[in-house]
Novice: 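Below is one structure. I have some questions about it.
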Amino acid sequence: MVIEFDAELWVWDARRTDTWTFVRLPAEESEDIREVVGDSGRGFGAVRVRVVLGASVWRTSVFPDSASGCYVLPVKKAVRKAESLEPGDVARVSVELIDL
């Protein structure tokens, strides 16, 4: 399953001092992930993914966010720097579910 979307980068309020930056996956696609993954998710409901954002490609996990009901994707500092992105910017993201 591959999901492509545009999303705004945002800083997680609970971890502002660590500048954890995320994008939120769309609600409909988040529900599709829940249907595909079922009970096979990892700790904290994490789902392994391969991400493409600009020229950057990496593997990580998306996590369910109880506040929004959507999955969220962490965007590490090295990627933000390589892609010249800051919180508030909108980026085109491709997320592929792996290890299912």
Side-chain angles (χ1 to χ4, degrees):
M1 169 184 244
V2 177
I3 301 165
E4 293 187 10
F5 58 98
D6 293 323
E8 182 178 339
L9 280 79
W10 53 275
V11 176
W12 185 26
D13 289 337
R15 302 287 290 215
R16 281 199 188 276
T17 58
D18 295 336
T19 61
W20 286 52
T21 305
F22 293 85
V23 296
R24 186 170 288 115
L25 280 68
E28 186 175 326
E29 286 79 354
S30 291
E31 185 59 35
D32 291 344
I33 292 171
R34 276 188 210 70
E35 289 178 13
V36 169
V37 173
D39 293 333
S40 64
R42 298 171 183 251
F44 303 105
V47 178
R48 298 278 301 147
V49 294
R50 177 182 176 270
V51 181
V52 179
L53 192 159
S56 299
V57 179
W58 75 100
R59 289 178 184 238
T60 188
S61 295
V62 293
F63 303 88
D65 173 34
S66 59
S68 69
C70 296
Y71 279 88
V72 294
L73 166 72
V75 181
K76 57 189 175 181
K77 185 176 184 177
V79 171
R80 294 191 317 268
K81 184 176 180 181
E83 302 299 329
S84 300
L85 293 169
E86 297 289 332
D89 291 344
V90 175
R92 183 76 178 161
V93 183
S94 175
V95 173
E96 177 183 5
L97 274 59
I98 56 175
D99 298 338
L100 295 177

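The model shown is predicted, which means the values in this text are computed figures rather than measured ones.
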Novice: Within the structure provided, determine whether Arg80 and Leu9 are in side-chain contact (heavy-atom separation under 4.5 Å).
Specialist: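 Side chain of Arg80 against side chain of Leu9, heavy atoms only: contact under 4.5 Å found.
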Novice: Any chance you could lay out the side-chain contact (heavy atoms from CB on, under 4.5 Å) test for Leu97 and Ile33, step after step, and finish with the verdict?
Specialist: CA-CA 8 Å; Leu97 274 59; Ile33 292 171; 4.1 Å; yes
Novice: List the steps, then state whether side-chain contact (heavy atoms from CB on, under 4.5 Å) holds for Tyr71 with Val49.
Specialist: CA-CA 12 Å; Tyr71 279 88; Val49 294; over 6 Å; no
Novice: Do you know which two heavy atoms are closest between Cys70 and Ala27, and how far apart they sit?
Specialist: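 Smallest heavy-atom distance, with atoms named: SG-CA, 3.6 Å.
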Novice: Can you name the closest pair of heavy atoms from Pro74 and Ser61 and give their distance?
Specialist: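 Closest approach of Pro74 to Ser61: CD-O, 3.3 Å.
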Novice: Mark yes or no: Arg24 above the aromatic ring of Trp10, with NZ or CZ under 6.0 Å from the six-membered ring centre and no more than 45 degrees from the axis.
Specialist: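 Positive - Arg24 is close enough to the ring of Trp10 and near enough to its axis.
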Novice: Under a 3.5 Å distance rule, please check whether Glu96 uses its side chain to pair with a backbone N or O of Val51 as donor and acceptor.
Specialist: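 Side chain of Glu96 to backbone of Val51, a donor-acceptor pair under 3.5 Å: no, none is there.
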Novice: What about Val52 and Trp58, same hydrophobic cluster or not, with Ile/Leu/Val/Met/Phe/Trp/Tyr joined at side-chain heavy-atom distances under 4.5 Å?
Specialist: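 Val52 and Trp58: separate clusters.
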Novice: Would you give the length of the straight line joining atom CG of Leu25 to atom CZ of Phe63, rounded to the nearest 0.5 angstrom?
Specialist: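 If I round to the nearest 0.5 Å, the distance is 12.0 Å.
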Novice: How long is the span from the CD1 atom in Ile98 to the CZ atom in Arg59, to the nearest 0.5 Å?
Specialist: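 It comes to 4.0 Å.
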Novice: Grouping I, L, V, M, F, W and Y whenever their side-chain heavy atoms are under 4.5 Å apart, do Ile3 and Val36 come out in a common cluster?
Specialist: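 Same cluster: Ile3 reaches Val36 through Ile, Leu, Val, Met, Phe, Trp or Tyr contacts under 4.5 Å.
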Novice: I'd like to know if Arg92 and Glu4 make a salt bridge, using a cut-off of under 4.0 Å between side-chain N and carboxylate O.
Specialist: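 Salt bridge between Arg92 and Glu4, a charged N being under 4.0 Å from a carboxylate O: yes.
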Novice: Less than 4.5 Å apart, any side-chain heavy atom of Phe22 and any of Leu73?
Specialist: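 No, their side chains stay 4.5 Å or more apart.
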Novice: Flag the pair Val72 / Val62 as yes when at least one side-chain heavy-atom distance between them is below 4.5 Å, and no otherwise.
Specialist: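 Not in contact.
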Novice: Can you see which heavy atom on Pro64 is nearest to which on Gly45, and at what distance?
Specialist: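 Taking every non-hydrogen atom into account, CD-O, 3.4 Å.
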Novice: Please determine which of Val90, Leu53, Val79 meets the side chain to side chain contact (heavy atoms under 4.5 Å, CB included) test together with Leu85.
Specialist: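 In the set Val90, Leu53, Val79, the residue that makes a side chain to side chain contact (heavy atoms under 4.5 Å, CB included) with Leu85 is Leu53.
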Novice: Between atom CD of Glu83 and atom CG of Asp89, what is the distance when rounded to the nearest 0.5 Å?
Specialist: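 The distance works out to 11.5 Å.
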Novice: Are any non-hydrogen side-chain atoms of Arg34 and Glu31 less than 4.5 angstrom apart?
Specialist: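 SC-SC contact between Arg34 and Glu31 confirmed.
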Novice: Ignoring hydrogens and angles, tell me if any N or O in the side chain of Thr21 forms a donor-acceptor pair with the backbone of Val75 under 3.5 Å.
Specialist: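 Answer holds: no.
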Novice: For the CD atom on Glu86, are there more than 12 heavy atoms of other groups (residues, nucleotides or ligands in this structure) within a distance under 6.0 Å?
Specialist: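 At most 12 heavy atoms, drawn from other residues, nucleotides or ligands, come within 6.0 Å of this atom.
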Novice: Rounded to the nearest 0.5 Å, how far apart are NZ of Lys76 and OG of Ser56?
Specialist: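 The distance works out to 8.5 Å.
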